[in-house]
Colleague: 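Please see the structure below; I have some questions.
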Amino acid sequence: MQDALDAARQAAASGEVPIGAALVRGDEVLAVAANRTRMPPDPTGHAEIRVLRAAAEKLGSERLTGCDLYVTLEPCAMCAGAISHARIARLYYAASDPKGGAVEHGARVFEQAQCLHRPEIYTGLGEAEAGELLREFFRSRR
């Protein structure tokens, strides 16, 4: 989770919403990414999508079985769908997102009958730090 938090701090420093993600298989960190939706303009530039793309390219496969995803904020519906399609084994996220999250809030993607794969889900790891990064980012924008 520390790699994801570091990526979130880098995102904030560049004016992006401070969300970071890290994808791990065993002891190997396959990819780390931060939100990057503004430069270049990319509505799909969420940290989770970027880290899944990087790991898939590195492994040469769209299936990331046996991999664990660490992310600083509860994934949205788009990211949860991608996590399912990638066959991520375990999802760890730091802070819950009652407004935009789609794991324990909103669409609850992994609970839908149409969901192809459901990762094990663990929450709260790094929650205080991730939450403070987000609060400070938005506080500074108001």
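Being a predicted model, the structure only gives us computed values, none of them experimental.
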Colleague: Side chains of residues 22-36: which donor-acceptor pairs under 3.5 Å do they make with residues two or more places apart or in other chains?
Modeller:
{"unit_1": "N35", "atom_1": "OD1", "unit_2": "A47", "atom_2": "N", "d": "2.9"}
{"unit_1": "R36", "atom_1": "NE", "unit_2": "M39", "atom_2": "O", "d": "2.7"}

Colleague: Could you list the residues that satisfy side-chain hydrogen bond (donor to acceptor under 3.5 Å, both in side chains) with E57, not counting sequence neighbours?
Modeller: none

Colleague: Atom CG in L91, atom SG in C79: separation rounded to 0.5 Å?
Modeller: 10.5 Å

Colleague: Given the rule in the side-chain contact (heavy atoms from CB on, under 4.5 Å) test, do M1 and D3 qualify, once you have shown the distances and angles that lead to the verdict?
Modeller: CA-CA 5 Å; M1 184 60 78; D3 287 341; over 6 Å; no

Colleague: According to ring pair (Phe, Tyr, Trp, His ring centres under 6.0 Å), who are the partners of Y92, at least two apart in sequence or on a separate chain?
Modeller: Y70, Y122

Colleague: Quick one: name the residues clustered hydrophobically with I49, using the 4.5 Å side-chain heavy-atom rule over I, L, V, M, F, W, Y, and just say none if it's on its own.
Modeller: M78

Colleague: Going by heavy atoms in the side chains, are P75 and I83 under 4.5 Å from each other?
Modeller: yes

Colleague: Using the test side-chain contact (heavy atoms from CB on, under 4.5 Å), find all partners of Q114 that sit at least two apart in sequence or belong to another chain.
Modeller: Q112

Colleague: Between E104 and I121, is the side-chain contact (heavy atoms from CB on, under 4.5 Å) condition met? List the steps.
Modeller: CA-CA 10 Å; E104 67 178 304; I121 300 167; over 6 Å; no

Colleague: How would you list, by chain and number, every residue that makes a salt bridge (charged side-chain N to carboxylate O under 4.0 Å, His left out) with R118, sequence neighbours excluded?
Modeller: none

Colleague: Among pairs that include at least one residue of residues 17-46, which meet ring pair (Phe, Tyr, Trp, His ring centres under 6.0 Å), considering only residues two or more places apart or in two chains?
Modeller: none

Colleague: Do any pairs count as a side-chain hydrogen bond (donor to acceptor under 3.5 Å, both in side chains) and have a residue in residues 5-17, sequence neighbours left out, and if so which ones?
Modeller: Q2-D6, D6-R9, R9-E129, E16-T37

Colleague: How would you list all residue pairs meeting ring pair (Phe, Tyr, Trp, His ring centres under 6.0 Å) that involve residues 6-27, not counting sequence neighbours?
Modeller: none

Colleague: If you round to the nearest 0.5 Å, how far is CG of L69 from CD1 of I88?
Modeller: 5.5 Å

Colleague: Would you say the side-chain atoms of R50 pair up with the backbone N or O of T44, donor to acceptor, closer than 3.5 Å?
Modeller: no

Colleague: Under the side-chain contact (heavy atoms from CB on, under 4.5 Å) rule, collect the residues that match up with H105, sequence neighbours excluded.
Modeller: E74, S96, P98

Colleague: Given the rule in the side-chain hydrogen bond (donor to acceptor under 3.5 Å, both in side chains) test, do Y93 and E48 qualify, once you have shown the distances and angles that lead to the verdict?
Modeller: CA-CA 11 Å; Y93 64 87; E48 300 96 321; over 6 Å; no

Colleague: Does H117 have any side-chain hydrogen bond (donor to acceptor under 3.5 Å, both in side chains) partners at least two apart in sequence or in another chain, and if so, which?
Modeller: none

Colleague: In chain order, what residues pass the salt bridge (charged side-chain N to carboxylate O under 4.0 Å, His left out) check against R139, with sequence neighbours excluded?
Modeller: E132, E136

